[in-house]
Amino acid sequence: MFLAIIQRLWQMLFVMFGISVLVFLIFFATPGADPASRIAGRGASAEILEAVRKSFGLDQPIYVQYFTMMKKIFITGDLTSFVNRGWKVVPAVLDTIPVTISLVMGAAILWVVFSMIIGTVAAATKDSWLDRSLMILGLIGISMPVFWLGEVMNLVTQSRFHDTWMFSWVPPLGYKNFTDGPKAWFLTLVIPWFTLAILYIGLYGRVLRANLIEAMQEDFVRTARAKGLSETRILLRHALRTSLISFVTLFGLDFGALVGGSALLTEVVFNLHGIGKLTYDALLNLDLPIIMTTVIFASFFVVMANALVDVLYIVLDPRVRKA
Amino acid sequence: MLEVRDLRVSFSSEQGLMRAIDGVSFTVGEGEILGLVGESGSGKTVSLLAVMGLINDPNAVIEGSIKFKGRELVGMPNAEMRKLRGREIAMIFQDPMTALTPVYTIGWQIAEQILQHQNISKSAARQKAIDLLAEVNIPNPADAIDRYPHQLSGGMRQRAVIAMALSCNPSLLVADEPTTALDVTVQAQILDLVRKLQRNHKSAVVFITHDMGVIAEIADRVMVMYGGRIVERGLRNELFLNPKHPYTKALLDSIPPLEGEKPKRLRAISGSPPSLLNRPTGCCFGPRCVFRFDACSAQPELGKLEHSAACFLEGAR
Ligand SMILES: Nc1ncnc2c1ncn2[C@@H]1O[C@H](COP(=O)(O)OP(=O)(O)OP(=O)(O)O)[C@@H](O)[C@H]1O
Ligand code: SF4
Ligand SMILES: [Mg+2]
C-alpha cells in the first residue's frame with residue numbers, strides 16, 4: 001500500500017513536469033510565439049521590444065526561463081502576472097481552488113446519486129413507459145448546453161421568478177466562502193450544482209442502464225436466479241455491484257477534467273471565480289504566468305482524481321487487488 | 001418426482017415462430033441419474049431451463065406440463081418458483097469461469113444461497129459453506145472460502161459452484177455440461193464428485209452433456225435428444241448395447257474406442273441439424289437418416305416401453 005502511494009506520487013510529479021514543459025514550450029518556444037511582442041503591444045519598436053525582453057527575463061535561454069518560472073511558482077511563490085505586474089499569481093490560483101472544488105464536488109454527489117437511481121430504475125423497468133420517459137429525460141439533459149441552461153436558470157431564479165416563493169431564497173450570483181457561513185455557501189451553489197450535474201445525470205443514467213441490462217444477461221446472473229434470489233437482489237447486489245466498476249472509470253475521467261477546469265462554462269455563467277474562469281480570462285489576454293500556474297495545478301488535481309479512482313477500484317474490484 | 005409431459009417451448013422471432021422444444025415428455029425418479037445427450041442446439045438446456053422456470057425471454061411460449069413433487073411448475077408465479085429454485089431444484093452451468101459473480105468471495109456466494117432459503121445465522125451459514133467446500137474436496141476450505149472466483153482454477157470454481165448448488169440439499173440437481181469447459185483429468189474428478197455427492201445427498205441428477213463417453217460413466221438412464229424431441233430413451237446399458245434409433249447409433253459410432261487402434265477419423269453424421277424455423281415434416285432426423293423409407297414422412301412417436309425410440313424401423317419400439 002505504502003509503495004503504491006509512493007509510486008503514485010512519482011507518477012504525479014512526472015505528469016505535472018511533462019505537462020508544464022509541454023505548455024511552456026507551446027507558449028514560449030513555438031515559432032511565432034513571441035511573448036515580448038504581445039506584452040509590448042502591436043507595432044512596438046525594436047528598442048521597446050528589447051526593453052520588454054530584458055525586463056521580463058525573456059532574453060534568457062529557454063531552460064533558464066522555465067526554471068525561473070518554476071522557482072517562482074513553487075519556491076518563492078512570487079510569480080506575477082504579465083498583464084498586471086503587481087498581481088501575484090500563486091495566491092490567485094490558490095483562491096480559486098475551493099470554489100472549483102465546492103462546485104464540482106457538490107455536482108458530483110448529485111450526479112452520482114441521481115444517475116444511479118435513474119439508471120437502476122430504468123433497467124429494472126426495461127421497455128416500460130417509465131424507462132422510456134427516464135431515458136428521454138436523460139437525453140434532454142445531455143443535449144442541453146450547460147451555458148444555455150445556466151443562463152435560463154439565472155433568468156428564472158434571478159429575475160423572472162425571483163420574487164416568488166419558489167426562488168426568493170436564491171442569493172445573487174457569486175461565491176461565498178464556506179468558512180464565512182455554510183448556509184450562504186450552500187445556497188449560492190445549489191443552482192450551479194444542478195446546472196452542472198444535469199448533463200452527467202443524463203449521461204451516467206443512460207450508461208448505467210445499458211451496463212445493467214448487459215450485466216443482467218451475464219452467466220452469473222443466471223446462477224443468481226438459479227439460487228432463488230429475488231430480482232431486486234440480483235439487480236442491486238449482483239448486476240449493479242459489478243457495473244459500478246465501469247461507472248467509476250467514467251466518473252474518474254469526468255471528475256478529474258472538471259476539477260481541472262472544464263467546469264469553466266458553469267463558472268462563467270454563475271460568476272464563480274474558479275480555476276476554469278481564471279484560466280479562461282488568462283487565455284483571453286494570454287497571461288502566460290497564470291496559464292502556466294493553472295495548468296500545473298489542474299494537472300495536479302487530475303492526477304489526484306485518478307488516484308482516488310484507483311483507490312475506489314481496489315475497493316470495488318477484487319481482481320485488481322494484489323494478493 | 002419430476003414429471004414432464006408434452007413440453008413445448010417456442011421463441012417468436014422476426015423470421016417466425018421457432019419451436020426449440022417440440023413435445024418432450026420424461027420423468028426423473030428419486031435419486032437417479034438421468035443422462036441427457038444430444039448435439040448442440042438440440043434443446044437440452046432449454047428443456048431444463050423450462051423446468052427451472054428460468055426462461056425469461058419475453059418472446060418465449062412454454063406449453064405442456066411440468067410436475068415436481070405433484071406441483072405444477074408451468075405457470076407457477078415467480079415468487080413461488082423462487083422458493084423451489086436453489087432449495088428443491090438446483091442447477092449448475094457449463095462455464096465455471098463466468099458462473100460466479102466476480103466481486104464476491106465464493107464463501108459469500110454460497111452463504112447467500114443458504115441464507116436465502118434457511119433461517120440460520122450468518123456465522124452458521126459460513127460454517128456450512130466451509131463444510132460444503134470440504135465436501136467437494138477443495139483443499140483448505142477455511143482459507144478458500146475467502147477467495148474470489150478469479151483466484152481459483154476452473155476445476156476449483158466448478159467445485160465451488162457444485163458446493164453452492166448442493167447447499168440446500170436439493171432433491172433435484174440439474175447439471176448442464178458441468179465438465180465441458182474443463183480439461184480431461186479435471187473432468188474425471190468432477191464426475192466422481194457428482195456421483196459421490198449424489199449418493200450422499202440422495203439428490204436426483206439430470207446430467208446434460210453431448211459426450212456419450214460421459215454418459216456411459218455416470219448415467220443410470222439415458223435420453224437422447226435431437227431437434228427438440230426425445231428420439232430414444234432407456235437404461236444406460238440397454239441403450240449402449242442395443243441402440244434402436246439411427247441417430248443414437250451414429251452417436252455411439254462417434255465415440256473413440258477405449259482400446260485398440262484409434263480410427264483415423266471418427267465417423268461424423270453427415271448433414272446438419274434441422275432448422276427450428278421450418279421443421280421437416282415427418283421424422284425430424286429424416287433428412288440425415290440413411291435408413292429413411294416411406295413411413296418416415298409421418299411423425300414417429302416414442303413408444304411406451306422403458307427402452308424405446310421414436311423411429312419407424314422394425315424393432316425400434
Ligand atoms: N432465448 C432464446 N431465443 C431464441 N432462441 C433460443 C433461445 N434460447 C435458446 N434458443 C434456441 O433453442 C435451441 C436449443 O438451444 P439449447 O441451448 O437448448 O441447445 P443445447 O442442446 O443446450 O445445445 P448446447 O449443447 O450447445 O448447449 C437453439 O437452436 C437455440 O438457438
Ligand atoms: S423414422 Fe425413418 S427417418 Fe426417422 S430415424 Fe427412423 S428410419 Fe430414419
Ligand atoms: Mg446447452
Side-chain angles (χ1 to χ4, degrees), chain A residues 116 120 122-132 208-209 211-249 251 309-323, chain B residues 45 48-49 51-58 78-106 108-118 146-151 157 160-161 164-165 167-168 170 173-176 181:
Chain A
M116 290 238 269
T120 312
T125 60
K126 183 175 162 239
D127 295 331
S128 69
W129 62 267
L130 181 60
D131 172 31
R132 293 222 177 88
L208 186 64
R209 172 187 180 271
N211 279 345
L212 281 175
I213 287 173
E214 199 181 302
M216 289 302 275
Q217 307 295 323
E218 294 277 354
D219 278 2
F220 62 75
V221 165
R222 193 169 60 170
T223 306
R225 289 208 171 100
K227 284 160 82 172
L229 308 180
S230 71
E231 279 300 301
T232 317
R233 186 178 174 96
I234 294 171
L235 184 71
L236 297 181
R237 299 306 292 266
H238 290 264
L240 180 62
R241 178 64 179 72
T242 43
S243 299
L244 282 185
I245 296 166
S246 51
F247 189 89
V248 160
T249 310
F251 179 80
V309 167
D310 284 357
V311 172
L312 281 178
Y313 265 152
I314 290 172
V315 174
L316 285 176
D317 190 351
R319 286 165 296 187
V320 304
R321 268 173 239 164
K322 294 223 181 69
Chain B
T45 300
L48 271 305
L49 282 180
V51 172
M52 293 288 290
L54 282 179
I55 299 184
N56 40 13
D57 187 326
N78 195 32
E80 286 286 296
M81 195 67 219
R82 255 180 41 218
K83 292 188 192 140
L84 293 180
R85 276 207 294 267
R87 182 164 69 184
E88 289 281 346
I89 316 177
M91 185 155 182
I92 50 189
F93 298 99
Q94 176 168 347
D95 190 354
M97 304 317 262
T98 54
L100 291 162
T101 308
V103 296
Y104 297 119
T105 62
I106 55 172
W108 189 95
Q109 300 191 47
I110 296 174
E112 184 186 34
Q113 174 159 356
I114 299 173
L115 292 170
Q116 177 74 36
H117 297 292
Q118 295 174 7
D146 291 321
R147 301 256 158 174
Y148 290 93
H150 73 276
Q151 295 170 321
R157 285 191 212 188
V161 170
M164 188 158 77
S167 60
C168 298
L173 173 68
V174 178
D176 188 357

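What you see below is based on every heavy atom in this structure, not just the backbone, and it leaves out hydrogens, waters and symmetry mates. Residue numbers start from 1 in every chain, and the chains themselves are labelled A, B, ... in the order their sequence lines are given, proteins ahead of strands.
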Between B:Val103 and A:Leu244, is the side-chain contact (heavy atoms from CB on, under 4.5 Å) condition met? List the steps. CA-CA 11 Å; B:Val103 296; A:Leu244 282 185; over 6 Å; no
Verify the neighbour count for atom CD of B:Gln118: are there more than 12 heavy atoms of other residues, nucleotides or ligands below 6.0 Å? yes
Non-neighbouring partners of B:Thr105 that pass side-chain hydrogen bond (donor to acceptor under 3.5 Å, both in side chains), sequence neighbours left out: none
What is the minimum heavy-atom distance between B:Met52 and A:Ala226, and which atoms define it? CE-CB, 3.9 Å
To the nearest 0.5 Å, what is the distance between CD on B:Gln109 and CG on A:Leu229? 10.0 Å
Is A:Ile245 in contact with chain B via its backbone, its side chain, both, or neither, using a 4.5 Å heavy-atom distance? side chain
Check: residues 94-101 of chain B side-chain donor-acceptor pairs under 3.5 Å, at least two apart:
unit_1	atom_1	unit_2	atom_2	d
B:Asp95	OD1	B:Met97	N	3.0
B:Thr98	OG1	A:Asp219	OD2	2.6
B:Thr101	OG1	A:His238	ND1	2.7

Is any side-chain heavy atom of A:Arg225 less than 4.5 Å from a side-chain heavy atom of B:Arg82? no
For B:Gln116, which atoms come within 4.5 Å of any heavy atom of chain A: side chain, backbone, both, or neither? side chain
Which atoms of B:Met164 approach chain A - backbone, side chain, both or neither, heavy atom under 4.5 Å: side chain
Based on non-hydrogen pairs under 4.5 Å, which of B:Glu112, B:Gln113, B:Met91 is most in contact with chain A? B:Glu112
Non-hydrogen atoms of A:Pro318 and B:Pro102 that approach each other most closely: CG-O, 3.3 Å
When rounded to the nearest 0.5 Å, the distance separating CZ of A:Phe220 from OH of B:Tyr104 is 9.5 Å
Could you look at A:Arg222 and say if it's the side chain, the backbone, both or neither that has a heavy atom under 4.5 Å from chain B? both
A:Arg319 to B:Tyr148, cation-pi by 6.0 Å centre distance and 45° axis angle: no
